[in-house]
Amino acid sequence: MGTFSSKSTAMKRTLATIAAVIALAGCSGSGQGQGGNAGASAPPAPPLKNTLDFPLYQGASVVSSHDFTQNVQVSNPTNGSVFAAGSGTYTGREVIASSSASFSDLSKWVGTLASTPPSGYTSLETGANPNERAQAQKYGLDYATFTKPENGKTHGVLVIVMDPQRVNTRFGTILSMVAKYRALPEMMRAPIDNEAKTRFGMSLTEATQPESPIGAALAALDQFQHKSARGIVMIDALKR
């Protein structure tokens, strides 16, 4: 990564984050089932809770919480990635929440977490390149990464906050390209997959798997952006 300019590095990291990121908007990807007999009123579902031991922004409402398994090919693992343990199969949990707080307030919260991480966690945001966060914030995104050791392995934790409308304004074209990619015949996807894997460590095929946090996010962004709220995504990943 050192051969790229700081702006290019920031852009690539932002796009990679969006990939692991826009999971945020995907709230509807794991909807709640309706129980009870036909014609009978089902009791209201209990509110979802944050199932990670990482703190959520005060007052935020959890809208989705689910486990995932993701096969990741990492070309250049770095300490700043939730997949810093390198290529392999990762399992974990994604928690998505909404908040009425302003994006500015959520961004300050992320900055506080990065400078003073929760007990047991180590922040991977060194502040060596301040342009990275500034660049992401222009797109309506902010994030921080953390690690936590457990039984000889290391959890990677990615925390993302976003303004869905701003993200859609900036990246709507990219999201539409994903839709076109899905419509391509398999034989025409290979060159695009190879380029994405070289740049981001993950092919678009892998990124758009509906069971992955990335795929779930991309599929549900449109539904989330219509809400007058900001999004929070927390991903805890552990290499098997």
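This structure is a prediction, so every number in the text was calculated from the model and none was measured.
Here the shortest heavy-atom pairing between A229 and S98 reads CB-CB, 4.2 Å. Of all heavy-atom pairs spanning E94 and H66, the tightest one is OE1-CE1, 2.6 Å. Looking at every heavy atom in both residues, Y90 comes nearest to A237 through CD2-CB, 4.0 Å. The two residues V62 and N50 come nearest to each other via the heavy atoms CG2-N, 3.7 Å. Scanning all heavy atoms of the two residues, the minimum distance from L106 to I232 falls at CD2-CD1, 4.0 Å.
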Enumerate donor-acceptor pairs with a distance under 3.5 Å from any side-chain N or O in residues 109-120 to protein atoms, sequence neighbours excluded.
from	atom 1	to	atom 2	distance (Å)
T112	OG1	K108	O	3.1
S115	OG	G111	O	3.2
S115	OG	T112	O	3.1

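Within the 4.5 Å cutoff, no side-chain heavy atoms of D67 are placed close to those of T91.
Qualifying side chain to side chain contact (heavy atoms under 4.5 Å, CB included) partners for M187, counting only residues two or more places apart in sequence or in other chains: P185. Every residue two or more places apart in sequence or in another chain was checked for a side-chain hydrogen bond (donor to acceptor under 3.5 Å, both in side chains) with K239, and none qualifies.
The OG atom of S104 sits 11.5 Å away from atom CG of D163, with the distance rounded to the nearest 0.5 Å. Between the NE2 atom of H155 and the CZ atom of F54 there is a distance of 13.0 Å, given to the nearest 0.5 Å. Here the CD1 atom belonging to I96 is positioned 13.5 Å from the OG atom belonging to S61, to the nearest 0.5 angstrom. Taken from OG1 in T147 to CG in L238, the straight-line distance is 12.0 Å, to the nearest 0.5 Å. Here the straight-line distance linking atom NZ of K148 with atom OG1 of T154 works out to 12.0 Å at 0.5 Å rounding.
Using modelled atom types, no side-chain atom of R240 and backbone atom of G88 make a donor-acceptor pair closer than 3.5 Å.
No salt bridge links D105 with R230; every basic N to acidic carboxylate O contact stays at or beyond 4.0 Å.
Of the residues listed (L158, L124, D236, V159), the one engaging F146 in a side-chain contact (heavy atoms from CB on, under 4.5 Å) is V159, and it is the only one.
Of the N and O atoms on the side chains of R93 and S65, at least one donor lies less than 3.5 Å from an acceptor on the other residue.
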